[in-house]
Amino acid sequence: MSQASATKAGEEAAARTSIQAPRPDHAAGGLVAALTVLRQESEALRELLATFEAGEGRALVGRALDILHGVTGRVIVTGMGKSGHVARKIAATMASTGTPAQFVHPAEASHGDMGMVTSADAVLALSNSGETVELADLITYSRRWRIPLIAITSRRNSTLGNAADATLALPPTGEAGALGLAPTSSTTMMLALGDALALGLLERKGFSAEDFHQLHPGGKLGQKLLRVADLMHAGKEVPLIAQSAPMGQALIEMTSKTFGCVGAVDAQGDLVGIITDGDLRRHMGDALLTQDVAAVMTGHPLTITAQALAAEAVLIMNERSITTLFVVDGVKPVGIVRLHDCLRAGVA
């Protein structure tokens with residue numbers, strides 16, 4: 001290799017090194033800038049709270065909630081660019097918390113997707129400037145057909161703000177970062193305000209954890225919200241025997257139902273005891289089959305209700321080193337739940 005080629009190769013290697021490993025002062029500056037953005041956005045959220053916590057701002061949030069609560073169709077959430085990404089998330093949050101919602105792209109709405117919007121719906125439109133051109137047709141459509149319109153914007157007196165039935169104007173905090181140009185603080189406030197509306201509606205509708213589970217049947221969250229009723233065996237599957245019956249019948253019931261136990265009930269059908277493999281070992285002898293169930297059973301068995309969380313059943317079974325629990329309604333046995341079934345469903 002010539003000296004000139006070697007020099008050029010060395011310069012290229014040095015250039016690559018400078019790109020891959022920024023100077024220490026640049027690295028420190030980037031860290032300071034990142035933390036400054038977090039501070040600026042947290043301050044923006046504090047100003048957002050102050051804006052809507054009292055007075056006119058509080059009344060506007062209440063007005064927006066009234067409109068959304070009265071919707072018989074869906075909440076159509078829309079926005080362009082970064083506001084559109086936030087709008088998608090707000091629509092998803094509303095839909096998962098009991099408020100039917102759908103994102104509609106404003107540009108696509110002008111080319112046929114306006115048919116997704118009906119007179120039973122309400123529109124929640126996001127635009128930092130309030131002058132987003134692509135929103136014009138949706139705004140006009142909502143006014144023509146008297147579809148309620150809620151605006152989230154930084155400019156109350158913008159085209160969007162003036163057209164809306166309720167305008168939630170963001171405080172003038174400015175965007176985060178040294179340049180203050182990229183949508184940052186404004187989109188953070190939009191997202192927080194969307195969450196506030198979604199969860200405010202959840203509260204007004206009395207949306208419960210059980211309702212939430214119905215909309216989240218998959219994933220860890222769905223598994224944690226499973227009820228005992230979702231996993232228990234019921235009806236003829238439940239191993240039960242009268243406490244006055246002979247042990248021979250109890251053994252047949254235990255064997256046929258394969259739960260490794262049998263519940264003992266009194267004349268009224270109340271659960272009064274349980275016979276497990278352990279009880280059989282403790283009473284093993286020539287007289288076992290001639291004894292009645294009451295003589296062998298363990299009284300006052302552990303039970304759980306059908307509406308209890310499956311996670312609670314797992315906790316009880318783990319703590320007591322057992323693998324089954326009878327499910328009761330008061331003192332009446334209505335089912336049986338196994339540790340194996342809970343673990344297979346992902347409850348841990």
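In this chain, numbering begins with 1 at the start of the sequence shown.
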Judged by modelled atom types alone, do [X] and [Y] share a side-chain donor-acceptor pair under 3.5 Å?
{"X": "Ser158", "Y": "Glu131", "result": "no"}
{"X": "Gln307", "Y": "Arg227", "result": "no"}
{"X": "Asp279", "Y": "Thr298", "result": "yes"}

Would you mind checking if [Y] and [X] are paired as a salt bridge, meaning a charged N to carboxylate O distance below 4.0 Å?
{"X": "Arg344", "Y": "Asp341", "answer": "yes"}
{"X": "Asp165", "Y": "Arg143", "answer": "yes"}
{"X": "Arg204", "Y": "Asp66", "answer": "yes"}

Next on the checklist: Would you compute the distance between atom CD of Glu41 and atom OG1 of Thr188 and round it to the nearest 0.5 angstrom?
Outcome noted: 3.5 Å
Item to check | CG on Leu302 to CD on Glu319, rounded to 0.5 Å | outcome: 10.0 Å
Next on the checklist: Could you tell me if the side chain of Met254 sits less than 4.5 Å from the side chain of Pro239, heavy atoms only?
Outcome noted: no
Checklist entry - Are any non-hydrogen side-chain atoms of Ile90 and Leu124 less than 4.5 angstrom apart? => result yes
Checklist entry - Hey, any chance Val104 and Ile150 share a hydrophobic cluster, counting ILVMFWY side chains that come within less than 4.5 Å of each other, even indirectly? => result no
Next on the checklist: Minimum heavy-atom separation for Ser142 and Leu149, please, with both atom names.
Outcome noted: OG-CD2, 3.9 Å
Checklist entry - What's the verdict on salt bridge (charged side-chain N to carboxylate O under 4.0 Å, His left out) for Glu43 and Arg39, showing C-alpha distance, side-chain angles and the deciding distance? => result CA-CA 6 Å; Glu43 290 172 355; Arg39 187 178 304 107; 5.3 Å; no
